[in-house]
Number of protein chains: 2
Amino acid sequence: MRPLYLQVRDALAERIAKGEWKPGAAIANEGDLAREFGVSSGTMRKALDLLEGQHLVTRRQGRGTFVNDQSSEDLVLRFTNIRAPNGDRLEGEVRSPKITEGAANGAECARLCLAPGDKVYRIGRIRQKDNKPFMFEGACLPAALFPGLKEKSTLTHSIVSLAQKYGILLGKAEERISVGTTSPDVAAALSMAPGIPVTVLDRVVRAIDGRPVEWRVAWCDLADNHYVALMA
Amino acid sequence: MRPLYLQVRDALAERIAKGEWKPGAAIANEGDLAREFGVSSGTMRKALDLLEGQHLVTRRQGRGTFVNDQSSEDLVLRFTNIRAPNGDRLEGEVRSPKITEGAANGAECARLCLAPGDKVYRIGRIRQKDNKPFMFEGACLPAALFPGLKEKSTLTHSIVSLAQKYGILLGKAEERISVGTTSPDVAAALSMAPGIPVTVLDRVVRAIDGRPVEWRVAWCDLADNHYVALMA
DNA sequence: AAGTGGTCTAGACCACTCA
DNA sequence: GAGTGGTCTAGACCACTTG
């Protein structure tokens, strides 16, 4: 039997994913929730602790428990590890975004755990700071998770807030960092010469249940900026 | 008042740090420990949960709670984010290690939170795999934390097991990744030409209480290998 | 003063491991 | 079957925030 506190956590998470509880709203207190679900307050507490660890709620003593807004700056920048010289996370502004739809190729199937023939959306964009491009990125998302993404004009450029719009709760991500050389496209996008070494960031973002949600490869020039990784 | 479970956790951690409980040994069961400390089993449990999250103990249902051996492969490689092409963490073999002692310079004082004049040990080493050097690193450690390190022949090349020997419990680390060019020394160590772009890993490892324990700067060639960062 | 989350208790019972 | 950690309960009391 699956532990009760996990079942309760998942039930609560689903309410948040479905928008039944809106971002920023307060949810009922522990006691009431416990009664509603027919569990003890200790069990409900453990479930809420887990939700907080997953960045889904914030609890403040004396005030209450609140649903997190995934489009808040802190959460949006959660997977943005590039930092400006001053140490701030560097999102930059997006230039010339492009989106296309198509069948996933071999690499995409492998990285996103898709079956051959599954549809994906591919997004290309350039990020710049002070009119100076520092990153060219290509993202690939399973079309099944983001129905109608191409047609929507709501295109946000953060996988975090995008996932919130589509009711997907994000979990962990892993990023592979290596060194490559500028292909002609990348060189053009970053105003560099072709064949120059650049840093390649290869990232997979997963949903709370482990399913891959986005595969992104970014080419960037780390001359001015740097990358920060934390280890627990 | 500091929560009881934190006080208990610290008391248990100290026993481990001091070697009162040896790595690999089983410790008393929750009930006995709770009685010994005069707390409820729930509180003792919470303290043990925290210790497990800090990689200090491992608990196995039906068997008991065991003190972790920090020199076990999993824990030693905790801060080793360079990976071989096959995905394994790449520690490599150490070649031509050198250790010196001296007063910390400005940068070292800043990164290690030392006062001017405090002594440090500086260790230089080359790491290679299959006789091919891939990383040149310079580490700097506060001498106060590692008394007599220079004289000891026990020089291990992992900060994790070294800390265990000196009764220091490690907590988090952060690594800054940027791109630099090979200085003459680095070029020689890595058998590369000078002035070539290399990846620079700048890492600070902290103790459980947040004090910096090691500042390491590593220059490496990511042509064959790559770096992996995880995001929660 | 009322309401919230945070701590703490003192159990019971379950799931697992091992002799 | 004995012993362990894992789950779950049903409270009490504390610390904090707000009206």
Side-chain angles (χ1 to χ4, degrees), chain A residues 1-16 20-69 72 74-75 208, chain B residues 1-16 20-69 72 74-75 208:
Chain A
M1 193 51 176
R2 192 119 172 292
L4 240 188
Y5 65 89
L6 289 180
Q7 300 177 41
V8 172
R9 177 201 60 174
D10 291 348
L12 297 173
E14 186 141 331
R15 289 197 187 175
I16 294 173
E20 203 166 323
W21 286 340
K22 297 296 178 195
I27 69 181
N29 67 56
E30 296 179 5
D32 289 350
L33 280 176
R35 268 183 293 281
E36 183 190 337
F37 281 81
V39 301
S40 78
S41 61
T43 298
M44 179 53 70
R45 185 165 184 75
K46 191 157 184 174
L48 289 168
D49 282 345
L50 292 174
L51 283 185
E52 185 164 42
Q54 293 175 314
H55 308 112
L56 292 182
V57 302
T58 299
R59 323 174 72 196
R60 265 176 278 176
Q61 189 174 19
R63 299 197 48 200
T65 301
F66 304 85
V67 178
N68 283 344
D69 182 358
S72 71
D74 282 0
L75 289 172
I208 238 174
Chain B
M1 193 52 178
R2 193 119 171 293
L4 240 188
Y5 65 89
L6 289 180
Q7 300 177 41
V8 172
R9 178 202 58 176
D10 292 348
L12 297 173
E14 187 141 331
R15 288 195 186 176
I16 295 173
E20 204 166 322
W21 285 340
K22 297 294 179 197
I27 69 182
N29 68 54
E30 295 179 3
D32 289 350
L33 279 177
R35 269 183 292 281
E36 183 190 336
F37 280 82
V39 300
S40 79
S41 61
T43 298
M44 179 54 70
R45 186 167 182 73
K46 192 157 182 174
L48 289 168
D49 282 346
L50 291 174
L51 283 185
E52 184 164 43
Q54 294 174 314
H55 308 111
L56 292 182
V57 302
T58 299
R59 323 174 73 196
R60 263 176 281 176
Q61 190 174 19
R63 300 198 46 202
T65 301
F66 304 85
V67 178
N68 283 343
D69 183 357
S72 70
D74 282 359
L75 288 172
I208 240 174

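The structure displayed is predicted, hence computed values, not measured ones. Lettering follows sequence order; numbering is per chain, from 1.
Residues A:Leu75 and A:Asp69 share a closest heavy-atom pair of CD1-O, 3.6 Å. Of all heavy-atom pairs spanning B:Phe66 and B:Gly24, the tightest one is CD2-O, 4.0 Å.
Contact annotation for B:Arg45: base contact, defined as any heavy-atom pair under 4.0 Å involving a base atom.
With sequence neighbours left out, A:Asp49 forms a side chain to side chain contact (heavy atoms under 4.5 Å, CB included) with A:Arg45, A:Arg59.
Between B:Thr65 and the phosphate of D:dG5, there is a side-chain N or O to OP1/OP2 separation shorter than 4.0 Å. For B:Arg63, no side-chain nitrogen or oxygen approaches OP1 or OP2 of D:dG5 to under 4.0 Å. Phosphate contact (OP1/OP2 of D:dT7, side-chain N/O of A:Tyr5, threshold under 4.0 Å): present. OP1 and OP2 of C:dG3 both lie 4.0 Å or more from every side-chain N or O belonging to A:Asn29. For D:dC8, the OP1/OP2 oxygens have no side-chain nitrogen or oxygen of A:Lys46 closer than 4.0 Å.
Going from atom CG of A:Asp32 over to atom P of C:dT4 covers 7 Å, rounded to whole Å. Nucleotide D:dT17 holds its P atom 10 Å from the CZ atom of A:Arg60, rounded to whole Å. Between A:Asp49 atom CG and C:dG6 atom P there is a gap of 7 Å when expressed in whole angstrom units. Distance CG (A:Leu4) to P (D:dT7): 11 Å, rounded to an integer number of Å. Rounded to a whole Å, the CZ atom of B:Phe37 is 13 Å from the P atom of C:dT9. Here C:dG5 presents its C1' atom at 10 Å from CG of A:Leu48, a figure rounded to the nearest Å. Look at CZ on B:Phe66: it is 13 Å from C1' on C:dC16, rounded to the nearest Å.
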> Passes side chain to side chain contact (heavy atoms under 4.5 Å, CB included), B:Arg2 versus B:Asp10? Steps please.
Replying inline: CA-CA 11 Å; B:Arg2 193 119 171 293; B:Asp10 292 348; 2.7 Å; yes
> Can you list the steps and then say if B:Leu56 with B:Ile208 is a side chain to side chain contact (heavy atoms under 4.5 Å, CB included)?
Replying inline: CA-CA 10 Å; B:Leu56 292 182; B:Ile208 240 174; 3.8 Å; yes
Measure all distances between protein nitrogen or oxygen atoms and nitrogen or oxygen atoms of nucleotides 11-15 of chain C, and list the pairs falling under 3.5 Å.
| residue | atom | partner | partner atom | Å |
| --- | --- | --- | --- | --- |
| C:dA15 | N3 | B:Gln61 | NE2 | 3.2 |

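Around atom CD of B:Glu52, more than 12 heavy atoms belonging to other residues, nucleotides or ligands sit under 6.0 Å away.
In terms of modelled atom types and a separation under 3.5 Å, the side chain of A:Glu30 and the main chain of A:Met44 share no donor-acceptor contact.
Listed candidates were D:dC8, C:dG6, C:dT9. Nearest to the side chain of B:Thr43 is C:dT9.
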